[in-house]
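Heads up, the thing below is written out as structure tokens.
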Amino acid sequence: MARIILDTLSKQYPNGVLAVDALDLTIADGEFFALLGPSGCGKTTLLRTVAGLENATGGRLLSDDRDVTHLPPGKRDIAMVFQDYALFPHMDVADNIAYPLRIRGEHRTQRRAKALETGTGLGLENLMDRRPGQLSGGQQQRVALARAMACQPSVFLFDEPLSNLDARLRLEARTFLKKLQKDLGVTTIFVTHDQAEALAMADRMAVMELGKIRQVGTPAEVFHRPANTFVANFIGSAPMNLLAGETADDGLRIGGFTVPFPHDSPRLPPGTPVTLGARPEYVDVVGTSTPGAMAGTVTIVEYLGATALVSVQIGDERVPDGADPVLGLTVQAMVAEGTEPQIGARIGVTHQPNRSLLYAADTGDLVSGTGSGTGSGTGSGIPGSTAATVSTTP
Amino acid sequence: MTATAARPAAVPLGPPPSMVVKKFVSRVLFYVVIALLLVFFMLPMLWIVLAPFDASPSLTIKLPDFSTGNFSELWHNPYALRSLLNALIISLGTMALVLVFGALASYALSRVRVPGRDALLYALLLLSSIVSGTAAMVPIFLLMTNVHLIDSQLGVVLVMTGGLLPAAIFILKDFMDATPRSYEESAKVFGASPLQILRHVVIPIARPGLATIAVWALVNAWGNFLVPFILLRSADKYPAAVVMYTFYTEGGQPKLGLISAFSLMYSIPVVIAYLVVSRRYGFRFHGGIKS
Ligand SMILES: Nc1ncnc2c1ncn2[C@@H]1O[C@H](COP(=O)(O)OP(=O)(O)OP(=O)(O)O)[C@@H](O)[C@H]1O
Ligand SMILES: [Mg+2]
């Protein structure tokens, strides 16, 4: 139960890799915080730096206003669950769970009693005499959790705790872990590269890229208003459609079509290059001649159960090979099962202006957004990005 | 059934008879060679278990003319039992030192990045055969004289430890390397000190390696003749390997009864040590975690 503050925290490895790059972040007391990002972006390094297993090379780390930047791991009042769980193979479950108590010098019988108590809470009471090698992945995960709980830390650190579980078990563990964290109320930092996991479990999350944080917010904020195209592309079960175009007086010109501006878009000079972001879930399939629609050919239909993901190649002809995979002119639409069009069919697609976003083409930063009307991101976004856009226009 | 009957007489599908015979002959030859080799290597062992119980042992193998006279002679020999005790002291001491220093050094070498670490290890390994080998005996003798460790069992133990350590470190480092760091880091996060990590986590996981090294060091020290022979002066400090060398008559004839009985006594501890370790851990020279 502690608040964690990162103050321009950096970690540079001896080989020169700047894995954590001057991060500022505050994690509230009792919060379930997810660190999300692609492989190699520095999530593990950040977690290990918070744990004290890596020495920060710059900045400070505070725990409840106590500077812990240079404390050894054992003095930081944290518990960490490793990706491989790191259960000691030569100890049985009870001794594993009780290990933190052994370090504190508690008596053996007392330790085993406490281990049984913690283990029982996690449904491990019948496994106390087993060795880790005789447990399933899910059971090992719970032992690792129990061991972390046994030392009653004020912060939990989890490094991809669910990645060793199969898909089904992962869903169960997700619910279980979230409930457990809420019951214990312990501040938790949780690393994952699975955006669905982060959205489902976190109170707040940070999306990282190359050692930097690209966005911090609640899962809903990050899902609905990705602050830049990197986050937009990373979050969501199907990546957001990011369509390159430019502004005009009557709307956005994209692939020869004119589509409406997203709501709350700032006034941009005509001809400004922009990127339209529209989630497949918020793209509708309509007739080819509907006003504001982009017409194209259905190339792929992916069946997803209750829904289907339809890929539409915009334009009269198929776009030649080598089109940009992210900013190319393929639009994906999520449609209800049973309403999906045939492959090869000519259809139109429209974005929902109240749920789509506008990004600056060069910086990739959000220029406008939907709904909530806080407008802070929007306000700071306009002048900078517009200026940058103009200056780079040939 | 009808299908079988409809077919012509069953034709054997195997290779033609000439090849079968060839295969048979080569197989017989193979076993004969194996058996001969086996007998060749078994003979000394047979001698060791049979000769001690023979009233008048010779260098041939024969059914013993049963007697325990050799053992009672051994019992009354002033140096024999004493030397077994000495051998035990020397080899247990060597084993303990090799284990302690080997474990600490290999752990450190496995975890800390030292430039040129592998080159260092290979160089040590190469030199170690010289250190306790014949070539270095004169300098070692001089060295031990100067540090006043001549005619002391401690001196013998130290020299043998020095000779065994490089190989021990080399093998143990492999076991340490195979222990995932996350085990130690996990203990570290719970507040364990480096020594606690070593005691609670690293050593238990490297235990099969330590056991292997223990027996290996024990056997090496137990069987070493040269080092104690050169460094020890008083006969009552000699270990078994050296004392065996003194079992001759005044005329220079080997006292086969005494030698054979002593050989048997001398081999038993080694065999027991091997069996115990092999039973509990399996004999392994490489690391790795079975979980
Ligand atoms: N011990 C190390 N020495 C040098 N560079 C390292 C070390 N560990 C990691 N790195 C580098 O630091 C960067 C961040 O690595 P990190 O392990 O934190 O990524 P990650 O986000 O956890 O990735 P993943 O999702 O694959 O686990 C990578 O470029 C990696 O190559
Ligand atoms: Mg990682």
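Chain naming here is simple, since letters A, B, ... match the order of the sequence lines and numbering starts at 1 in each.
Looking at Arg48(A), the atoms closer than 4.5 Å to chain B (heavy atoms on both sides) all sit in the side chain, from C-beta outward. Contact annotation for Leu157(A): neither backbone nor side-chain heavy atoms come within less than 4.5 Å of a heavy atom of chain B. At a 4.5 Å heavy-atom cutoff, the contact between Arg147(A) and chain B is made by backbone and side-chain atoms alike. Only the side chain of Leu53(A) comes within contact range of chain B, judged by heavy atoms closer than 4.5 Å.
Of the inter-residue distances, the one linking Gln83(A) atom CD with Leu162(A) atom CG reads 10.5 Å to the nearest 0.5 angstrom.
Ionic pairing of Asp65(A) and Arg3(A) is present here: one or more N-O contacts between side-chain nitrogen and carboxylate oxygen are shorter than 4.0 angstrom. A salt bridge is absent between Arg181(B) and Asp84(A): the closest approach of a Lys/Arg side-chain nitrogen to an acidic carboxylate oxygen does not fall below 4.0 angstrom.
The candidate with the highest count of non-hydrogen atom pairs below 4.5 Å against chain B, out of Ala86(A), Pro73(A), Gly74(A), is Ala86(A).
Closest approach of Leu121(B) and Lys173(B) over heavy atoms only: CD1-CD, 3.4 Å. When all heavy atoms of Ala79(A) and Val189(B) are compared, the closest pair comes out as CA-CG1, 4.1 Å.
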